[in-house]
Amino acid sequence: MEQNSALHPADIAEEISRLSKGEQHQQFMDYPLEDRLEIFSFFEMDVQYTLIKSMTEHELSELLNNLKPDTRNELLSELPDDLIKYLINLLNEREKQMALELIGYKEDSIARLMTPMYVQVRPYYTVDDVFRHIKVFGRKAETLNFIYVVDEKNVLIDDLKIGQLLLSDSSTKISDLIDYNFAAIKASTPMEEAFEIFQKYDRSALPIITEAGVLVGIVTFDDVLDRIEDRDTEDIQRFGGMEELDLAYTKTPLLQLIQKRAGWLIILFFSEMLTASAMGFFEGELEKAVVLALFVPLIISSGGNSGSQAASLIIRAMALGELKLKDWWYVMKREISSGLILGGILGSIGFLRILAWHFLGLYDYGPYWISIGFTVAVSLLFIVLWGTLSGSFIPFILRRFGLDPATASAPFVATLVDVSGLIIYFTVAAFFLHGKLL
């Protein structure tokens, strides 16, 4: 079958993914090895897994031994242990050692994304030596934007942009170009912290070093972007009140999709039962002043909305590194001010709504309409304030206990504020309407 070499490997991967499992293997193997390596890196994990199971031992060995180490490591980290063992045994000694070293790092460490394919040189090299070195070893390098300078113990002492070398005389020694000023990430650094370092230095690649400063690999920005996308997708799904999907939405089986969503829905359903219980607790007040029931949806939805807003703002600020645990009091002060102002705005609108409806004859609130208006207005003030504080504080509590702040999903915050909002509403009603309607 004649292949379209003009297509980008990502487009080819997309086309192959649409085929049946048997056709995927046949068409994939029709491409030359060099093209297969590029195409394979663009497949979703489920397609990669399918292809691996369909390949012969020789085909697998050829593919795995020539894959980029970071692509291969990402693949191995997602597979069952027995299959990992089988695949590693297909690697030659050099590639096997490289894979085992990479897999040895913690799952959430930035080292899991690194590749050992880079160009390193010594300070005594001349610029001309470096370019000859690049011609020999640069073909397999992940990037040639930076050249890494190491000492005799392989300790990183600087990195140089390729532009610096291009603009220097061929006889210039590397030691004359280095200033020992460079950015690097320790191999044990958690990915979340490493992402912040990438954003801080705005680099296309950063070197990975051990605690002793030994250069062990580099991480490129395209790998970081992929992982950030995965992280953000998980956070959004959790914040929506469900478990994160293992595959893309369109590739997730219906039963698995239901399973991922049902758990949280059941938990939230039982939580919402507390709202019904709270309503039952105040049944006597509702019988005496039925008019209070008219504003229950308005009251609880305003609190839930304000809580969801606050949670969204705080969780995103945490994800971007703008807020740390130590900033909790700063956030509380801001949210108290925000909650009071927002609650005051909604409370004023609620009071004016009752006033307008009463005088326009749209609804007769009776002789105590002013007290009802103050009940709604003051309730909105306190409930919006409480919703804002709850939505902003819960992510800090979760982070304090080492949990993902995104677990403070919008439905969870809204449910919490619904129940407590009813208590606030009827407490305020008892204050303003005692001896009148109650």
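Please read all numbers here as calculations on a predicted model, not as lab measurements.
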[atom1]-[atom2] distance between [X] and [Y], expressed to the nearest 0.5 angstrom:
{"X": "Ile314", "Y": "Thr388", "atom1": "CD1", "atom2": "OG1", "result": "10.0 Å"}
{"X": "Leu206", "Y": "Phe221", "atom1": "CG", "atom2": "CZ", "result": "10.0 Å"}
{"X": "Ile16", "Y": "His25", "atom1": "CD1", "atom2": "NE2", "result": "11.0 Å"}
{"X": "Leu323", "Y": "Leu313", "atom1": "CG", "atom2": "CG", "result": "10.0 Å"}
{"X": "Glu335", "Y": "Leu340", "atom1": "CD", "atom2": "CG", "result": "11.0 Å"}
{"X": "Trp328", "Y": "Lys333", "atom1": "CH2", "atom2": "NZ", "result": "10.0 Å"}

Would you say that more than 12 heavy atoms from the other residues, nucleotides or ligands in this model lie under 6.0 Å from the [atom1] of [X], or not?
{"X": "Asp179", "atom1": "CG", "answer": "yes"}
{"X": "Leu255", "atom1": "CG", "answer": "no"}
{"X": "Glu34", "atom1": "CD", "answer": "no"}
{"X": "Arg122", "atom1": "CZ", "answer": "yes"}

query = Could you give all pairs that pass the ring-ring contact (aromatic ring centres under 6.0 Å, His included) test and reach residues 40-80, with sequence neighbours left out?
reply =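 Listed once each, the pairs are His8-Phe42, Phe28-Phe43.
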task = Would you please name every residue forming a salt bridge (Lys or Arg N to Asp or Glu O under 4.0 Å) with Lys324, sequence neighbours left out?
result = Glu196
Arg399: salt bridge (Lys or Arg N to Asp or Glu O under 4.0 Å) partners, not counting sequence neighbours = none
Closest heavy-atom contact between [X] and [Y]?
{"X": "Val417", "Y": "Gly304", "answer": "CG1-N, 3.8 Å"}
{"X": "Val127", "Y": "Ser168", "answer": "CG2-CB, 4.0 Å"}
{"X": "Thr189", "Y": "Ala194", "answer": "CG2-N, 3.9 Å"}
{"X": "Ala205", "Y": "Thr143", "answer": "CB-CG2, 4.0 Å"}
{"X": "Ile383", "Y": "Gly421", "answer": "CD1-O, 3.3 Å"}
{"X": "Ala377", "Y": "Gly347", "answer": "CB-O, 3.3 Å"}

State whether the side chain of [X] and the backbone N or O of [Y] hold a donor-acceptor pair below 3.5 Å, judged by distance alone.
{"X": "Glu193", "Y": "Pro190", "result": "no"}
{"X": "Ser392", "Y": "Ala310", "result": "no"}
{"X": "Asn154", "Y": "Leu215", "result": "yes"}
{"X": "Glu142", "Y": "Tyr118", "result": "no"}
{"X": "Ser54", "Y": "Leu51", "result": "yes"}
{"X": "Asn73", "Y": "Pro69", "result": "no"}
{"X": "Asn65", "Y": "Asn92", "result": "yes"}

Measure the shortest side-chain to side-chain distance between [X] and [Y] over non-hydrogen atoms and say whether it is less than 4.5 angstrom.
{"X": "Leu75", "Y": "Ile52", "result": "yes"}
{"X": "Phe351", "Y": "Val376", "result": "no"}
{"X": "Thr71", "Y": "Leu37", "result": "no"}
{"X": "Gln26", "Y": "Leu19", "result": "no"}
{"X": "Met191", "Y": "Val224", "result": "no"}
{"X": "Val216", "Y": "Met114", "result": "yes"}
{"X": "Phe146", "Y": "Pro207", "result": "no"}
{"X": "Thr375", "Y": "Phe295", "result": "no"}

inquiry  = Does Ser171 form a side-chain hydrogen bond (donor to acceptor under 3.5 Å, both in side chains) with Asp169? I'd like the steps, not just the answer.
reply    = CA-CA 5 Å; Ser171 59; Asp169 292 334; 5.4 Å; no
Give the table of side-chain donor-acceptor pairs shorter than 3.5 Å for residues 296-303, with sequence neighbours excluded, one pair per line with atom names and distance.
residue: Ser301; atom: OG; partner: Pro297; partner atom: O; Å: 2.7
residue: Ser301; atom: OG; partner: Leu298; partner atom: O; Å: 3.2
residue: Ser302; atom: OG; partner: Leu298; partner atom: O; Å: 2.8

Option passing side-chain contact (heavy atoms from CB on, under 4.5 Å) with [X] (candidates [options]):
{"X": "Ile147", "options": "Asp159, Val121, Leu177", "answer": "Val121"}
{"X": "Arg72", "options": "Leu63, Thr115, Leu67", "answer": "Leu67"}
{"X": "Leu156", "options": "Asp151, Ile208, Ile209", "answer": "Ile209"}

Leu144/Ile162 under side chain to side chain contact (heavy atoms under 4.5 Å, CB included): CA gap, chis, key distance, verdict = CA-CA 7 Å; Leu144 293 175; Ile162 193 69; 5.5 Å; no
Audit row: Asp223, Lys68, salt bridge (Lys or Arg N to Asp or Glu O under 4.0 Å) steps and yes/no = CA-CA 12 Å; Asp223 291 327; Lys68 290 180 179 179; over 6 Å; no
Show the atom names and distances, to 0.1 Å, of all donor-acceptor pairs under 3.5 Å that link a side chain in residues 180-188 to residues at least two apart or in another chain.
residue: Lys186; atom: NZ; partner: Glu211; partner atom: OE1; Å: 3.3
residue: Ser188; atom: OG; partner: Glu211; partner atom: OE2; Å: 3.3

request  = Apply side chain to side chain contact (heavy atoms under 4.5 Å, CB included) to Leu165 and Ile174, showing your working.
outcome  = CA-CA 9 Å; Leu165 301 176; Ile174 297 302; 3.8 Å; yes
Donor-acceptor pairs under 3.5 angstrom involving side-chain atoms of residues 131-139: please list them, not counting sequence neighbours.
residue: Arg132; atom: NH1; partner: Asp128; partner atom: OD2; Å: 2.5
residue: Arg132; atom: NH2; partner: Asp129; partner atom: OD1; Å: 2.5
residue: His133; atom: NE2; partner: Gln120; partner atom: O; Å: 3.3

